[in-house]
Amino acid sequence: MLKINVKTDCGHSPKRMFLRDFNIAFGKGDTNFIIAQVTDDIVWELIGERIIEGKASFSKAINEMKEKEVAEITIEKVVTHGKEGAVNGIMKMNDGKQYAFADFYEFKNTTSTTINTMTSYVIEM
């Protein structure tokens with residue numbers, strides 16, 4: 001069972017709560033939820049690794065990642081302003097590996113929670 005730690009209070013900000021839930025969905029492997037939250041022309045840059053463009057490619061990548069089981073996710077900070085947001089934290093995998101992550105998001109517009117671009121930095125600890 002996935003252990004979830006959220007060190008930041010997202011209480012009064014719908015976008016902050018959304019980004020918290022979006023990252024928890026990564027930990028849970030909830031691919032349907034993740035894929036439903038992005039635009040058709042999503043661009044996801046995994047720094048130092050690859051750039052994923054379009055919902056079909058994004059969906060394929062997300063489903064491949066689902067195979068890596070997460071034991072624990074810790075969300076340190078969630079920040080949003082206008083049509084941008086960021087989340088950082090740590091994921092501990094079932095195989096014992098740990099990864100620090102920082103994800104930067106751009107939403108479709110200032111009122112939407114649909115994600116248009118993502119930039120991810122992931123470092124094995």
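Grouping the Ile, Leu, Val, Met, Phe, Trp and Tyr side chains by contacts below 4.5 angstrom, directly or via other members, places Phe33 with Ile73. Linking ILVMFWY side-chain heavy atoms closer than 4.5 Å, directly or via other members, places Met91 and Ile24 in a single hydrophobic cluster. One hydrophobic cluster holds both Phe26 and Met93 under the rule that ILVMFWY side chains link at heavy-atom gaps under 4.5 Å. Connection of Val70 to Ile90 is not established within any shared hydrophobic cluster, with ILVMFWY side chains joined at heavy-atom distances below 4.5 Å, either directly or through further cluster members. Met65 and Ile42 fall within a single hydrophobic cluster, where Ile, Leu, Val, Met, Phe, Trp and Tyr side chains are chained together by heavy-atom contacts under 4.5 Å.
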Only distances under 3.5 Å count here; give the side-chain donor-acceptor pairs of residues 116-125 to other protein atoms, sequence neighbours excluded, each with its distance to 0.1 Å.
{"residue": "Asn116", "atom": "OD1", "partner": "Thr39", "partner atom": "OG1", "Å": "3.0"}
{"residue": "Ser120", "atom": "OG", "partner": "Trp44", "partner atom": "NE1", "Å": "2.8"}
{"residue": "Ser120", "atom": "OG", "partner": "Asp103", "partner atom": "OD1", "Å": "2.7"}

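The line from CZ of Phe58 to CG of Asp40 is 12.0 Å long, rounded to the nearest 0.5 Å. Rounding to the nearest 0.5 Å places CG of Asn63 at 8.0 Å from CG of Asn32. Rounding to the nearest 0.5 angstrom, the gap separating the CD1 atom in Ile35 from the OG atom in Ser59 is 3.0 Å. Here Lys55 contributes atom NZ and Ile62 contributes atom CD1; the two are 11.5 Å apart, rounded to the nearest 0.5 Å. Here the straight-line distance linking atom CG of Asn23 with atom CD1 of Ile34 works out to 8.5 Å at 0.5 Å rounding.
Residue pairs meeting the salt bridge (charged side-chain N to carboxylate O under 4.0 Å, His left out) criterion with at least one partner in residues 104-113, sequence neighbours excluded, are Lys83-Glu106. For residues 73-94, no pair satisfies ring-ring contact (aromatic ring centres under 6.0 Å, His included), with sequence neighbours left out.
For Lys77, there are no salt bridge (Lys or Arg N to Asp or Glu O under 4.0 Å) partners two or more places apart in sequence or in a different chain. Qualifying ring-ring contact (aromatic ring centres under 6.0 Å, His included) partners for Phe18, counting only residues two or more places apart in sequence or in other chains: Phe22. For Thr80, the side-chain contact (heavy atoms from CB on, under 4.5 Å) partners two or more places apart in sequence, or in a different chain, are Ser13, Lys15, Arg16, Leu19. For Glu64, the side-chain contact (heavy atoms from CB on, under 4.5 Å) criterion is met by Arg50, Lys60, not counting sequence neighbours. A search for side-chain contact (heavy atoms from CB on, under 4.5 Å) contacts involving Ile51 returns Val43, Glu45, Glu53, not counting sequence neighbours. Under the rule for a salt bridge (Lys or Arg N to Asp or Glu O under 4.0 Å), Lys28 has no partner lying at least two apart in sequence or in another chain. Residues meeting the salt bridge (Lys or Arg N to Asp or Glu O under 4.0 Å) test with Glu69, sequence neighbours left out: none. With sequence neighbours excluded, the residues forming a side-chain contact (heavy atoms from CB on, under 4.5 Å) with Asn109 are Thr111, Ser112, listed by chain and number.
When every heavy atom of Ala61 is checked against every heavy atom of Ile52, the shortest pair comes out as CB-CD1, 3.5 Å.
The shortest side-chain heavy-atom distance between Glu84 and Phe104 does not fall under the 4.5 Å cut-off. Gln37 places none of its side-chain heavy atoms less than 4.5 Å from the side chain of Thr114. The closest side-chain heavy-atom distance from Phe107 to Ile115 is below 4.5 Å.
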> How far apart are the C-alpha atoms of Arg20 and Val87, what are their side-chain angles, what is the distance that settles it, and do they pass the side-chain contact (heavy atoms from CB on, under 4.5 Å) test?
Replying inline: CA-CA 8 Å; Arg20 177 202 61 201; Val87 177; over 6 Å; no
